Structure formats: structure tokens, C-alpha cells
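These figures come from a predicted structure and were not determined experimentally.
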Amino acid sequence: MILLKNAKKLLPTNQLEDLDVLIDHERIIEMGSTITKEAYQIIDCQGNLLLPGFVDVHVHLREPGGEHKETIKTGTEAAARGGFTTVCAMPNTNPVPDNSVVLQELQEKIKQDAVVRVLPYAAITKGLKGEIITPIRELASLGAFAFTDDGVGIQTADQMFQAMKQAAACGKPVVAHCEDNTLVYHGVVHDGEISERLKLPGIPSLSESVQIARDVLLAEASGCHYHVCHVSTKESVRVIRDAKKAGIQVTAEVTPHHLLLNETDIKTGDTNFKMNPPLRAKGDQKALFEGLLDGTIDFIATDHAPHTETEKAQGFQKAPFGIVGLETAFPLLYTQLVKTNKCSLTQLIDWLTVKPAAVFRLPYGRMEEGAIADITLVDLEKASRINKRNFYSKGRNTPFQGWTVTGLPVMTIAKGKVVYKEDTHA
């Protein structure tokens with residue numbers, strides 16, 4: 001048993017109230033202002049804020065096949081440091097989890113090495129090649145979280161339609177990286193001010209929004225839950241908003257970097273600003289936040305995408321897309337959105353916990369008696385400067401190096417076990 005003493009909880013009014021929490025094995029068994037029961041371990045929370053563990057449905061752990069970039073162990077240690085207790089691992093690995101053998105081997109590796117809960121995606125198509133649909137029903141029965149070819153858009157409408165029908169039949173969502181390859185034009189940044197200034201090929205907004213427009217109609221026809229990854233354009237927000245008004249079962253996520261940055265933040269050829277979808281125009285950034293506020297976009301996901309420094313040193317044309325985000329997400333969002341009164345702390349916590357869990361019908365992201373003890377302790381007053389050299393992730397590819405942030409996770413408990421404590425590898 002663990003007794004958390006002298007903590008605070010967040011009320012719906014955004015005020016804080018005294019809180020003690022008693023944990024027995026994996027579950028919260030009592031919550032109150034003062035708990036006096038004996039426990040095996042008493043942890044003094046020093047007046048810091050207890051929150052439900054964060055849920056990130058979009059991370060890249062790179063294992064198997066990309067262990068030089070990240071492993072299940074290092075990726076989940078980074079997640080724990082960032083306050084995340086549930087992460088969902090994308091299938092762009094080598095081999096791809098597109099059959100029962102690879103998926104089961106991945107699940108065994110997760111059991112062996114993960115320090116937080118990892119829910120693995122399975123691929124929509126064999127090898128993510130967009131040619132042959134995977135055995136969706138079989139993979140679903142083995143515990144695939146959902147189905148996606150993340151990193152690659154499904155290029156033909158019929159293939160997406162057939163996949164959606166099969167996924168709908170077994171109650172699983174289809175999660176889409178939306179990108180029409182015929183409209184990408186070998187781009188590496190947004191097709192706009194930055195592409196002109198740096199003389200780089202641009203990726204038009206249309207490449208994303210037209211595929212979303214196609215897919216929401218396929219989702220309506222198939223009855224599938226369709227989820228859009230990392231929305232980046234104002235046109236995409238408009239399409240999703242209209243689809244929701246029409247009663248189509250579509251949900252969407254936005255990343256911290258698309259909320260906090262736009263193309264004008266790219267001053268040089270620093271490839272830590274190269275991600276897919278790219279940083280868009282100021283108008284897109286504004287539309288993304290408005291969409292988040294009005295519920296068009298359901299929640300925030302990091303798209304944590306680690307690469308080696310050697311890979312990222314190849315220049316904008318050759319460097320891989322992607323940045324890391326698990327360890328910086330909460331402090332960045334708290335500092336840039338809550339501290340500036342753009343949203344409330346309650347809204348931010350909903351976007352990081354309650355809503356992703358609700359969208360995917362997960363029994364996590366809540367802190368109440370009887371719930372699984374996934375808990376994050378945050379010091380709202382603690383300030384720090386982001387230093388990529390201190391990351392637990394193998395990835396150092398962040399555009400936020402040197403930013404000063406407030407509100408740091410100082411302890412993370414997953415399934416009743418302390419998996420991160422500030423300045424120590426648990």
C-alpha cells in the first residue's frame with residue numbers, strides 16, 4: 001500500500017483542494033482530505049498537484065528495428081518522466097505488426113520492458129505499403145489497439161473503405177495519417193512563406209485536407225470510427241467540423257508543436273523544425289486552437305518521433321521528419337496556454353487525459369476511488385529550461401531547446417508503482 005499525503009486535487013472550478021490518496025496494489029482505494037491509515041510507504045507530495053496519468057495515443061517507440069532511435073524501455077521511461085501512464089505505439093517499425101506473430105512478439109517485449117502501459121497499433125496494410133489489407137479481425141482479437149498506416153496515407157478510396165468496413169465489424173477505430181501523395185510534390189516544409197524564404201519544396205495544405213474530406217464520407221458509409229492524426233490545416237478543421245455536424249463518427253487530435261509553433265518560427269535550416277505534417281501558417285495555427293476549444297479537435301497527442309542526431313544533421317532535404325515530445329508536452333502547454341490564460345488547467349487536463357481515454361473507450365485517464373492508480377504529480381510552480389541532453393528518450397530532436405517552462409511532472413505512478421521520480425531513473 002502507498003499513501004500519498006499533502007497533495008492537492010484540481011476542482012472543476014480550477015481551484016485546488018487538499019487531497020490524500022491511498023493505493024492498494026494497482027488501484028486507488030480511498031481519497032480524502034486526510035487519510036490516517038497505515039501504509040507500507042508514505043509519500044509526502046509537498047503540496048503539489050495530483051492528476052490522472054496522461055494518455056498519449058500517438059507515439060513512436062521505434063522497436064523493433066529502430067532501436068538506435070528509441071526502444072520500448074527508453075520511450076516509456078521518457079513517457080513516465082513526462083507524466084504519461086498510457087501510450088499507444090505506432091506500427092511503422094521493422095518488422096511491421098501486420099500479422100499475429102509480430103504483434104504477439106511485440107506484446108511480449110512490451111510486457112518485458114515497458115515501465116508504463118503501451119497499447120500497440122496494428123497496420124492497415126501489409127508492410128505499410130498500401131497494397132494488401134492486413135487480417136484485421138485476427139489482429140483485433142489479439143489485442144491490437146486500433147489500425148493505422150501512420151506515416152503513410154492510404155492512397156485509394158476503395159482500400160480505405162474496405163479497411164473501415166472490416167474494422168467497424170470488430171469495433172476497432174481506423175486512425176489515419178492523411179496525406180495524398182500526388183499533392184506532396186517532394187515537399188519538406190509547408191508550401192508558403194518558409195518554402196519561399198529557404199528555397200525548399202513545399203507541402204500544400206490540400207494534401208492533408210482532401211484526404212480527410214474523402215475519408216469522412218467513407219467513415220459515414222462504413223459506420224467506422226475514424227480518427228485523424230495530427231491535424232495541421234484550417235481546411236482540415238473545417239472538414240472535420242462539418243463532418244461532426246453531419247453526425248459522422250470522426251475524432252481528431254492536434255500536437256503541442258502545431259499549437260505552439262507556425263512556419264515563421266523556422267528561422268534557419270534547423271531540421272528540429274522538420275516534421276510531418278509541417279508547421280503551417282499562422283492562420284492554420286489559430287484555426288487549430290479554435291478547433292480544440294470548440295471540440296472539433298478532441299484532444300492533444302504528441303506524435304513523439306525520435307531520430308538520431310546524425311540523421312537529423314543531413315539538412316532539410318534529407319533529414320527524416322519528426323520531433324520528440326513526451327517529456328516536454330505538459331510543461332510547454334501549461335506555460336504557453338494555461339499561464340497565458342488561453343485555456344484553463346481543467347481544459348488542458350481533459351485534453352491530455354479524459355478525452356483521449358473517452359474517445360478510444362479506455363478505462364484510464366481518471367483519478368477516483370476504484371480506478372487503476374495511474375497518477376502524475378505536478379509541481380505547478382517549478383520552472384526549468386528545456387535541455388535535450390537531460391532527456392530520458394534517446395531522441396534529442398526538439399525545436400524547444402532552451403525554452404523556459406513552468407509546471408513539471410515530479411513523480412509518476414503507473415498501475416500503483418512509482419515509475420518516475422524527479423532526477424532519478426525509477
Side-chain angles (χ1 to χ4, degrees), residues 1-5 7-12 19-32 35 37 39-43 45 48-59 61 72-73 75-89 107-121 142-146 171-173 298-302 326 329-330 346 348-378 409-421 426:
M1 296 177 78
I2 297 176
L3 178 57
L4 304 176
K5 295 285 293 181
K8 299 289 184 182
K9 74 174 178 179
L10 181 65
L11 299 175
L19 179 67
D20 289 357
V21 175
L22 185 63
I23 299 168
D24 188 3
H25 292 91
E26 291 189 0
R27 295 199 175 265
I28 299 169
I29 61 170
E30 188 176 348
M31 297 174 63
I35 298 175
K37 290 180 181 176
Y40 170 75
Q41 183 181 9
I42 298 175
I43 298 175
C45 296
N48 290 320
L49 178 63
L50 278 181
L51 298 168
F54 307 148
V55 178
D56 190 348
V57 303
H58 191 152
V59 305
L61 298 182
I72 290 166
K73 185 175 188 295
T76 56
E77 287 174 343
R81 186 180 183 225
F84 291 90
T85 54
T86 300
V87 297
C88 303
Q107 289 167 326
E108 285 302 313
K109 189 66 174 174
I110 288 167
K111 286 179 186 176
Q112 177 183 317
D113 289 351
V115 302
V116 302
R117 183 181 299 103
V118 178
L119 307 177
Y121 283 91
L142 292 173
F145 167 67
K172 292 291 183 178
D298 296 83
F299 56 79
I300 298 170
T302 68
L326 284 167
F330 180 81
T346 296
L348 178 57
I349 299 310
D350 280 352
W351 294 328
L352 290 172
T353 60
V354 176
K355 290 185 177 178
V359 162
F360 287 96
R361 300 178 184 177
L362 300 173
Y364 314 122
R366 53 194 173 90
M367 192 172 65
E368 58 192 37
E369 290 182 359
I372 293 172
D374 291 344
I375 297 172
T376 295
L377 183 68
V378 175
V410 293
M411 185 176 69
T412 303
I413 295 173
K415 293 189 284 189
K417 179 183 177 183
V418 177
V419 293
Y420 168 74
K421 201 167 183 181

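One finds no salt bridge joining Glu77 and Arg81 here, because no Lys/Arg side-chain nitrogen approaches an Asp/Glu carboxylate oxygen to under 4.0 Å. No salt bridge links Asp374 with Arg366; every basic N to acidic carboxylate O contact stays at or beyond 4.0 Å.
Under the rule for a ring pair (Phe, Tyr, Trp, His ring centres under 6.0 Å), the partners of Phe54 that lie at least two apart in sequence or sit in another chain are Phe84, Phe330. Here Lys109 pairs with Glu63, Ile72, Gln112, Asp113 under the side-chain contact (heavy atoms from CB on, under 4.5 Å) rule; sequence neighbours left out. Under the rule for a ring pair (Phe, Tyr, Trp, His ring centres under 6.0 Å), the partners of Phe145 that lie at least two apart in sequence or sit in another chain are Tyr121, Phe360. Listed by chain and number, the residues in a salt bridge (Lys or Arg N to Asp or Glu O under 4.0 Å) with Lys355 amount to none (sequence neighbours excluded). Listed by chain and number, the residues in a ring pair (Phe, Tyr, Trp, His ring centres under 6.0 Å) with Phe299 are His227 (sequence neighbours excluded). Shown here are the salt bridge (Lys or Arg N to Asp or Glu O under 4.0 Å) partners of Glu30, two or more places apart in sequence or in another chain: Lys37.
The environment of NZ in Lys417 is sparse: at most 12 heavy-atom neighbours from other residues, nucleotides or ligands sit within 6.0 Å.
Looking at every heavy atom in both residues, Thr376 comes nearest to Gly53 through OG1-CA, 3.6 Å. Shown here for Pro409 and Gly82, the closest heavy-atom pair between the two residues is CG-O, 3.6 Å. For the pair Ala146 and Pro173, the tightest heavy-atom approach, listed with the atom from each and the gap, is CB-O, 3.6 Å. Closest heavy-atom contact between Ala373 and Ile23: CB-CG2, 3.7 Å. In this structure, Pro356 and Asp350 approach most closely via the heavy-atom pair CD-O, 3.6 Å.
Tested against Leu4 for a side chain to side chain contact (heavy atoms under 4.5 Å, CB included), the candidates Asn48, Ile413, Leu22, Ile42 yield a single pass: Ile413.
Under the 3.5 Å distance criterion, the side-chain polar atoms of Glu369 are matched with a main-chain donor or acceptor of Met31. The closest donor-acceptor contact from the side chain of Thr412 to the backbone of Ala80 lies under 3.5 Å.
Val21 places a side-chain heavy atom less than 4.5 Å from the side chain of Ile375.
With values rounded to the nearest 0.5 angstrom, Thr302 atom OG1 is found 7.5 Å from His58 atom NE2. A distance of 11.0 Å separates CG of Leu10 from CG of Leu19, quoted to the nearest 0.5 Å. One distance of note links CG of Leu119 with CD1 of Ile110; it measures 8.0 Å at 0.5 Å rounding.
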